[in-house]
Amino acid sequence: MSVTMQDHWYPVALASGLRRSARDTLLLGRAIRVALDDGGAPVVTAEGRALPVQVKFGHVWTTLGVPAGDVFDIPEADQPGRRLVEVGSVKVRCSPLRAVENFLDIAHFPFVHTDVLGSEPHTEVERYEVEIRDDVDEVWATKVKFFQPQAARSAQGGITTEYMYRVPGPTCSVLYKTCPPRPGEWDVITLFVQPLTETTCEVWPWMALFDDDSTMTEMIHFQQLIFLQDRSILENQLPALLPLDPGREIPTRADMLSIAYRRWLKRHGYTFGAQLVAA
Amino acid sequence: MTERFIISGRLDGSLLPWIDGHARRIGVAVDFGPRSDSAMELRVDGPPALLDAMEMGCLLGPIDVWIEDIRREPV
């Protein structure tokens with residue numbers, strides 16, 4: 001049986017943010033309601049029908065279809081000593097697939113996150129490796145290296161940061177990056193995207209970091225600053241939908257990860273938020 | 001620089017005119033070689049970075065085509 005986008009899990013709320021009053025929102029264009037039952041457990045309904053619910057990584061997840069399994073795992077999230085950071089949500093007027101693709105775009109760091117995640121003249125993206133891991137059906141990029149003036153809230157001065165990117169679902173991405181205070185470990189930064197419509201989404205960043213110095217507020221503000229810089233770019237991208245045919249775009253070697261993501265979407269027919277034929 | 005691109009996948013559909021158009025957009029020269037519905041060869045001529053760009057574009061290709069793999073060989 002083929003898996004559709006409806007069969008995947010999507011974040012729809014912060015578990016800690018749920019109140020007795022319901023949260024009315026959208027998922028893949030359909031109206032849903034997120035609320036707490038009498039026992040304080042989250043429930044999600046669509047047109048009165050109860051949907052499956054899981055709570056993971058501080059978020060409430062649901063699905064409109066029949067999922068093949070649980071919400072994907074991030075084993076590092078269970079490591080002792082990590083601080084789990086619920087960043088909150090940002091509504092963005094862009095395709096949910098565009099939001100993920102932007103997160104995967106390494107080359108934009110020096111131009112959009114100038115003097116934080118990148119800086120000129122350090123604009124070159126070194127060769128990295130990309131694969132679609134068939135055993136887990138995920139897109140992975142490894143050996144990604146980039147010079148960053150301030151790679152994290154806890155970083156002191158510029159370092160060459162190593163990254164791994166992972167796409168475990170059509171609108172979710174996990175970034176593993178060099179952990180400045182703890183060499184040998186990876187900081188985990190995620191982008192969970194709730195697809196509202198084909199051209200709007202709600203983004204729920206979440207992190208699992210080794211950082212004993214920063215306050216929770218400082219870590220949240222750092223990540224919000226980064227994402228707000230992205231938002232102005234995302235809301236002005238044309239075409240609004242993510243093209244699965246390059247059309248007028250000219251992807252280069254640095255865009256290998258974006259191409260692998262789009263190929264993966266195309267192969268599975270995950271086209272909610274995608275443009276199929278070049279304009 | 002000239003390279004041979006050996007493309008495999010499900011290649012029926014609009015691939016040929018698409019490759020022709022993408023090559024012109026990028027600015028590389030393409031000669032079409034032998035082809036079937038599951039494999040085809042191209043000779044692509046241009047600067048190395050543009051050959052990379054041609055490979056990236058072809059890996060995605062038009063929506064009605066699935067490119068499984070592109071192998072590149074120097075000519």
Side-chain angles (χ1 to χ4, degrees), chain A residues 2 5 95 97-98 100-101 104-107 123-134 137 139-141 144 167 198 239 241-279, chain B residues 1-30 32 35 37-40 42-75:
Chain A
S2 66
M5 274 186 85
S95 153
L97 307 180
R98 280 275 194 205
V100 173
E101 196 237 14
L104 304 176
D105 178 13
I106 304 144
T123 58
E124 188 182 350
V125 179
E126 293 180 32
R127 256 177 203 254
Y128 56 91
E129 295 182 5
V130 175
E131 62 180 326
I132 293 174
R133 297 186 179 172
D134 287 329
D137 195 25
V139 183
W140 275 82
V144 182
V167 180
E198 290 207 86
L241 300 175
L242 179 70
L244 296 189
D245 172 333
R248 293 196 186 93
E249 293 183 350
I250 301 179
T252 65
R253 172 69 58 182
D255 302 315
M256 268 170 59
L257 177 53
S258 164
I259 294 294
Y261 173 56
R262 296 189 203 198
R263 276 166 57 79
W264 183 75
L265 294 172
K266 178 178 169 179
R267 185 164 84 174
H268 288 294
Y270 297 154
T271 57
F272 187 89
Q275 176 182 277
L276 305 190
V277 179
Chain B
M1 174 185 253
T2 304
E3 287 191 10
R4 182 180 296 112
F5 281 29
I6 298 137
I7 301 176
S8 60
R10 186 171 47 74
L11 309 183
D12 51 337
S14 58
L15 185 59
L16 261 60
W18 187 93
I19 286 178
D20 198 41
H22 199 67
R24 272 190 276 118
R25 197 174 299 123
I26 288 178
V28 296
V30 169
F32 290 97
R35 66 176 185 268
D37 282 351
S38 59
M40 70 184 299
L42 306 177
R43 276 171 65 107
V44 189
D45 184 65
L50 294 187
L51 297 190
D52 286 347
M54 189 66 186
E55 180 190 359
M56 292 298 112
C58 288
L59 275 171
L60 205 48
I63 196 70
D64 59 346
V65 165
W66 175 253
I67 308 291
E68 191 65 44
D69 183 53
I70 299 177
R71 202 169 80 242
R72 292 168 55 176
E73 297 174 350
V75 173

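Sequence lines set the chain letters: A, B, ... in the order given, protein chains first and strands last, and positions in each chain run from 1. Hydrogens, waters and symmetry mates play no part in the numbers below; they use all other heavy atoms, side chains included. As the structure is a prediction and not an experimental result, all values here were calculated from the model.
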message = For B/Ser8 and B/Asp69, which I'm curious about, is there any donor-acceptor pair between the side chains at under 3.5 Å?
response =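 Side chains of B/Ser8 and B/Asp69: no pair found under 3.5 Å.
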task = Using side-chain hydrogen bond (donor to acceptor under 3.5 Å, both in side chains) as the criterion, list what pairs up with A/Arg133, not counting sequence neighbours.
result =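 Checked A/Arg133 against side-chain hydrogen bond (donor to acceptor under 3.5 Å, both in side chains); matches are A/Glu131.
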inquiry  = Does any backbone or side-chain atom of B/Ile67 lie under 4.5 Å from a heavy atom of chain A? Answer side chain, backbone, both or neither.
reply    = both
Residues in residues 256-266 of chain A that sit under 4.5 Å from chain B, counting heavy atoms only = A/Met256, A/Ile259, A/Arg262, A/Arg263, A/Lys266
task = Determine whether B/Val30 and B/Met54 make a side-chain contact, defined as any pair of heavy atoms from C-beta on separated by less than 4.5 Å.
result = yes
task = Take A/Arg253 and B/Met56, measure what side chain to side chain contact (heavy atoms under 4.5 Å, CB included) needs, and give me the verdict at the end.
result = CA-CA 7 Å; A/Arg253 172 69 58 182; B/Met56 292 298 112; 4.0 Å; yes
Passing candidate, salt bridge (Lys or Arg N to Asp or Glu O under 4.0 Å) with B/Glu55, options B/Arg71, B/Arg72, B/Arg4 =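 One option only clears the test, and that one is B/Arg72.
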query = Can you check side chain to side chain contact (heavy atoms under 4.5 Å, CB included) on A/Trp140 and A/Ile132, steps first, answer last?
reply = CA-CA 6 Å; A/Trp140 275 82; A/Ile132 293 174; over 6 Å; no
